[in-house]
Amino acid sequence: MQGSKALLKMLEDRGVENVFGYPGATVIPIYDEFLESNVRHILVRHEQCSAHMADGFARATGTPGVCLATSGPGTTNLVTGIATAYADSVPMIALTGQVGTGFLGAEAFQEVDSYSLMMPVTKHNFRVLDPERLPHAVYEGWKICQSGRPGPVHIDMPVDQLKSDIDEDLLTKEWGVKEPAEDISRINDAAMLIRNAERPVILVGGGAINASAEVIRFAEFTNTPVVTTLMSLGIVPSGHPLNMGPLGMHGRLGALDLFQSADLIIAIGTKFSDRTYNPHTMPSADCKVIQIDIDATQFGKSKRDSVDILCDAKQGTLLLLEALKGYKDCHSEWDGQYAKLRKRCQCSFDINTDPIAPQKVMHEISKLLDDDVIVTTGVGQNQMWSMHCLDVRRPRQYITSGSFGTMGFGLPSAIGAKVAKPDSKVLTIVGDGGLQMVIQELATSVAEDIPVTIVLLNNGWLGMVRQWQKLFWDKRYSGTKLNADPNFVKLAESFGAWGITVEKSGDVGDALKQAMDSDRTCIVDIHVNPEEDICPMILADPSVPIVKGRCPY
């Protein structure tokens, strides 16, 4: 079987139904096979967005998304999207074409050393220099991207290898993939710390995405409050009485107060990033840590006494529950403290002002959320408003670029999520800066009949950078005014999509409902107040005071 055909056959055998890509000379053999394959090719308008779409697909399902690009600039355009997935531990297969093996290193047309280029932003790399290595790469790559801490795997395929014949028996051969290491020897030590704690807090990260039921059960069994990160929204529903809300630069001050008062942090699938854990947020020096993580490199980042449990979040949480049989809640004073803080932190985001407050938009979106709705976001103020205000109900309902903070992520990731979940309504919350980085993907959405709702917080600025300049740089605005923004409604219509302009707060809810019910790709262009800052703002520098907004908590 020719290599290009074998590739698609192996993907089909693994349940792949969609590949997001953009053609070029070195991958024409694959594109020729698409005509005979059951795998659907979705033509993007920029390779970066093919990676973001594969990313959104993977986050919505928990199974790998697949993207494809040609050699040279096609490959380099993938890098930002792959790095985004790598930073947030998202399973992905990135396929790239390459010049023929006889031309490698000869500065051939559209040659780039993609193997070296991808090394820092992937979990593993393959370069197929022998056609019979292709089945091996697909087999191992599919396993590696999902095992342990997930992440993207890159397979680079010289065009002559794609044209070569492969022994069909190799397509079903199994190769060995090493299972991730585990060390659960300190489970009983962890259980002892929990039994003796007076002020415990559970810090949940994105690594617990597949352990939602177990984390909730553990929190309820021990009656322990939960603090979330950006990447863990929905693992414990926002409305759960033990959920104190997100911690971080723009999180809830109630969550921060509780976290700083803790004498034990039970960290499940979180890496103690600088946005959530820094000199301005960390508890006192005598606070102890239990950390459950599948990735041993994450241990030690809390820089304090820690009981480390090396395994996946679901297994580690179940083991703790088993070790805590007979446990009785003995921190009634703490229970009263977090209940009081949570009650104090129930602000209304139904703010009816003109110009429109972003909080009002989030309030109206929350009213439309049910278990079947998926929300993706861009990066910046729009992302932080959504984190702070939305009522996220379940895992994989909220999809965003966390550690890499990639502007332009919102629209293509929404398209990927809609491909993954065609019966769900998908909306993306974006700013006018980030949307313009990827607005060409409206064509992909319309041409491929992948309808999404684009909630545009249009303030005419690069809002988050402007906020920094406003609060910390004496309002010296440099490079942040978006002069000559287009008419987004007309632009949407030019792509064959739909657009609605909203300038009054009373019209927000109806416009969102119309767009979501239309089953068409639609930009809801909401003109929001550029002076409304996303607060609180808690910098990592403890010498900089916390900036509070409308709500004290």
Side-chain angles (χ1 to χ4, degrees), residues 84 87-89 201-209 215 225-238 242-262 265-283 287 289 291 298 301-303 338 341-342 345 347 349 358-359 362 375 377-392 398-407 409 429 463-465 467-468 471-472 533-542 544-553:
T84 301
D88 287 343
S89 306
V201 170
I202 300 170
L203 175 63
V204 180
I209 191 74
V215 170
V226 176
V227 171
T228 63
T229 65
L230 173 66
M231 300 311 299
S232 68
L233 292 188
I235 291 175
V236 177
S238 298
L242 288 170
N243 190 342
M244 297 298 298
L247 185 68
M249 183 179 287
H250 300 286
R252 299 282 182 90
L253 290 180
L256 176 62
D257 283 359
L258 197 79
F259 192 73
Q260 289 179 321
S261 302
I265 298 169
I266 305 162
I268 306 176
T270 185
K271 58 186 179 182
F272 289 96
S273 82
D274 61 304
R275 282 296 174 105
T276 56
Y277 190 81
N278 57 59
H280 215 156
T281 64
M282 63 179 59
C287 177
V289 170
Q291 187 167 359
Q298 300 308 309
K301 289 185 177 180
S302 65
K303 298 179 180 178
Y338 75 70
L341 278 171
R342 193 177 193 283
C345 194
C347 303
F349 300 122
Q359 299 97 313
M362 301 306 137
V375 177
T377 83
V379 165
Q381 286 180 316
N382 61 86
Q383 178 189 40
M384 294 296 102
W385 284 121
S386 66
M387 179 195 76
H388 192 96
C389 303
L390 285 186
D391 180 16
V392 184
Y398 181 84
I399 295 171
T400 194
S401 169
S403 292
F404 216 53
T406 307
M407 286 184 69
F409 179 79
I429 302 167
M464 185 59 85
V465 183
Q467 179 171 325
W468 278 71
L471 297 176
F472 307 115
D533 298 324
I534 170 62
C535 292
M537 193 167 188
I538 309 166
L539 302 192
D541 183 353
V544 180
I546 294 174
V547 180
K548 298 183 180 181
R550 295 173 183 264
C551 170
Y553 279 86

| query | side chain to side chain contact (heavy atoms under 4.5 Å, CB included) with L390: which residues, sequence neighbours excluded? | reply | M362, I365, S366, V375, S386, V392, Y398, I429
| With S302, which residues qualify under side chain to side chain contact (heavy atoms under 4.5 Å, CB included), at least two apart? | F272, Y277, V289, R304, S306
Heavy atoms, side chains only, cut-off 4.5 Å: are [X] and [Y] in contact?
X	Y	answer
M464	I534	yes
S403	K271	yes
M244	R252	no
M387	T400	no
H280	I546	yes
T229	L203	yes
M384	L230	yes

Between [atom1] on residue [X] and [atom2] on residue [Y], distance to nearest 0.5 Å:
X	Y	atom1	atom2	result
T406	D88	OG1	CG	8.0 Å
I266	Q291	CD1	CD	12.5 Å
I399	F409	CD1	CZ	7.0 Å
M407	S401	CE	OG	11.0 Å

Which heavy atom of [X] sits nearest to which heavy atom of [Y], and what is that distance?
X	Y	answer
V204	I202	CG2-CG2, 3.6 Å
T228	N243	CG2-OD1, 3.8 Å
V201	A262	CG2-CB, 3.7 Å
P246	L233	CB-CD2, 4.4 Å
G245	A255	O-CB, 3.8 Å

| said: My understanding is that only one of V226, L341, L247 makes a side chain to side chain contact (heavy atoms under 4.5 Å, CB included) with L258; could you say which? | reply: L341
| request: Check each of V547, V544, T276, L253 against I538 using the side chain to side chain contact (heavy atoms under 4.5 Å, CB included) test, and report the only one that passes. | output: L253
Please check this pair: side chain of [X] against backbone of [Y], looking for a donor-acceptor N/O pair closer than 3.5 Å.
X	Y	answer
H388	G251	yes
S261	D257	yes
H250	C535	no

| message | Tell me if the CZ atom of R275 is crowded by more than 12 foreign heavy atoms within 6.0 Å. | response | no
| message | So, using ring pair (Phe, Tyr, Trp, His ring centres under 6.0 Å) as the criterion, who are the partners of F472 when residues are at least two apart? | response | W468
